[in-house]
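Each remark here refers to the structure printed beneath this line.
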2 protein chains.
Amino acid sequence: MEKVFSALSDVNRRKIIELLHEQDSTLLELAGHFSISFQALSKHIKILEQAQIINKEVKGKYRQLSLNGHALREAMEWMAYYSSFWNESFDKLEVQIRNAQSDDHRN
Amino acid sequence: MEKVFSALSDVNRRKIIELLHEQDSTLLELAGHFSISFQALSKHIKILEQAQIINKEVKGKYRQLSLNGHALREAMEWMAYYSSFWNESFDKLEVQIRNAQSDDHRN
DNA sequence: TACTCATTCAACCATTTGGTAGAATGATTA
DNA sequence: TAATCATTCTACCAAATGGTTGAATGAGTA
């Protein structure tokens, strides 16, 4: 929990998540989208890995990175619970997210 | 977004949220639940306020703190979207949270 | 085997963070 | 008005964070 929220508190790490949501990648593939060094990026990836937000699979020379989502979900449940007013608006949220996904598939 | 996630990344601040979820309180009422100084607590409250997670209402000598939930919700939508596999499990999540709430009302 | 490529480790630095303590502010109470 | 109460402001400090560079590692490739 601690690890998940602090992992999410950095712009670069949220961007990594967004990119991995589009497609699994290696560190160097990701690096093209950032203006920081790959060593810095490697550190961010390690943090996301330790928060169990992403998985790393060794593929010979490369490491294939992919989203896990499990830890995100746990943190989300915490938030959903404490954002108190979810009760009336949960259905709306669901619709909204489903719409966002179909937009995604259209692009 | 930035502010919300980094606000949530601290244990004490999450505990503030949990306490305010039970009931609106003042700084000194909260202070009883923590082992840090009230100055430190005041800083945490300021951070939660700036992230628009809590509201502060001046009541004479006191400041009444309450949960806002709005910012939490926005962050939650981000997470829901990127935890990718929400699709199959969204209904389960809803049920789970509703159960949690009825537990809450029972206690 | 020597070389290159992808990634990580190590040392370092500036900034931010979370805590402290003392002083200041602003409203209430004696 | 003076004293008290709740909260915030102002330094100040140690530890954590996010970045850098250079060297090391470990797996393919020439």
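By convention in this document, chain letters (A, B, ...) are assigned in the order of the sequence lines, proteins followed by strands, and residues within each chain are numbered from 1. Since the model is a prediction, treat every value here as computed from it, not as a measurement.
Mapping A/Ile47 and A/Val58 onto DNA chain D by nearest heavy atom places A/Ile47 at the nucleotide closer to the 5' end.
Listed nucleotides: D/dT8, C/dG19, D/dG18. Nearest to the side chain of B/Leu27: D/dT8. Closest to the A/Asn12 side chain, of the nucleotides D/dT8, C/dG19, D/dG19, is D/dG19. In the set C/dT20, C/dA11, D/dC9, the nucleotide with an atom closest to the side chain of A/Lys43 is C/dA11. Distances were taken from every side-chain heavy atom of A/Ser37 (C-beta onward) to each of D/dT8, C/dT7, D/dT21; the shortest belongs to D/dT21. Listed nucleotides D/dC9, C/dT8, D/dG18 differ in distance to A/Asp10; the shortest reach to its side chain belongs to D/dG18. In the set C/dT8, C/dG19, D/dT7, C/dG19 carries the atom at the smallest distance from any side-chain atom of B/Ile36. Nearest to the side chain of A/Arg13, among D/dT7, C/dT7, D/dG18, sits D/dG18. Among the nucleotides C/dT7, C/dG19, D/dA6, the one closest to any side-chain atom of B/Leu28 is D/dA6.
Summarising the geometry, the separation between CZ on A/Phe5 and C1' on C/dT17 is reported as 19 Å, rounded to the nearest angstrom. Straight-line distance from the CZ atom of A/Arg63 to the P atom of C/dC5: 16 Å, rounded to whole Å. Atoms OH (A/Tyr62) and C1' (D/dT25) sit 17 Å apart, rounded to a whole Å. For the pair B/Leu8 CG and C/dT17 P, the computed distance is 15 Å after rounding to whole Å. Look at CD on B/Glu29: it is 16 Å from P on D/dC5, rounded to the nearest Å. As rounded to whole Å, 18 Å separates atom P of C/dT17 from atom CG of B/Leu41. Atom NE2 of A/His44 is separated from atom P of D/dA16 by 18 Å (rounded to the nearest Å). If you measure from atom CD of B/Glu57 to atom P of D/dA6, you get 18 Å, rounded to the nearest angstrom.
Proximity of a side-chain donor or acceptor of A/Arg13 to a complementary backbone N or O of A/Leu8 within less than 3.5 Å is not detected.
Here B/Lys46 reaches the OP1 or OP2 of D/dC9: one of its side-chain N or O atoms lies under 4.0 Å away. Between A/Ser42 and C/dT8 there is a side-chain N or O to OP1 or OP2 distance below 4.0 Å.
Looking at A/Arg73 and A/Glu77, a side-chain N of the basic residue comes within less than 4.0 Å of a carboxylate O on the acidic one, giving a salt bridge.
If you check every strand for non-hydrogen atoms under 4.0 Å, A/Ser6 touches nothing. Contacts of A/Lys56 with the nucleic acid, taken as non-hydrogen atoms under 4.0 Å apart, involve only primed sugar atoms and P, OP1 or OP2.
Crowding of A/Lys15 atom NZ: a count of heavy atoms from other residues, nucleotides or ligands under 6.0 Å exceeding 12.
The base of D/dG18 lies outside donor-acceptor range of the side chain of A/Gln39, with no N or O pair under 3.5 Å. For A/Lys61 and D/dG26, a side-chain-to-base donor-acceptor distance below 3.5 Å is absent, hydrogens and geometry of angles not being considered.
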Full working for side chain to side chain contact (heavy atoms under 4.5 Å, CB included) between A/Met76 and B/Tyr82 = CA-CA 11 Å; A/Met76 205 171 100; B/Tyr82 288 109; over 6 Å; no
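When all heavy atoms of B/His44 and B/Ile36 are compared, the closest pair comes out as CD2-CD1, 3.8 Å. Contact detail for A/Asp24 and A/Glu29: the closest heavy-atom pair is O-OE1, 4.2 Å.
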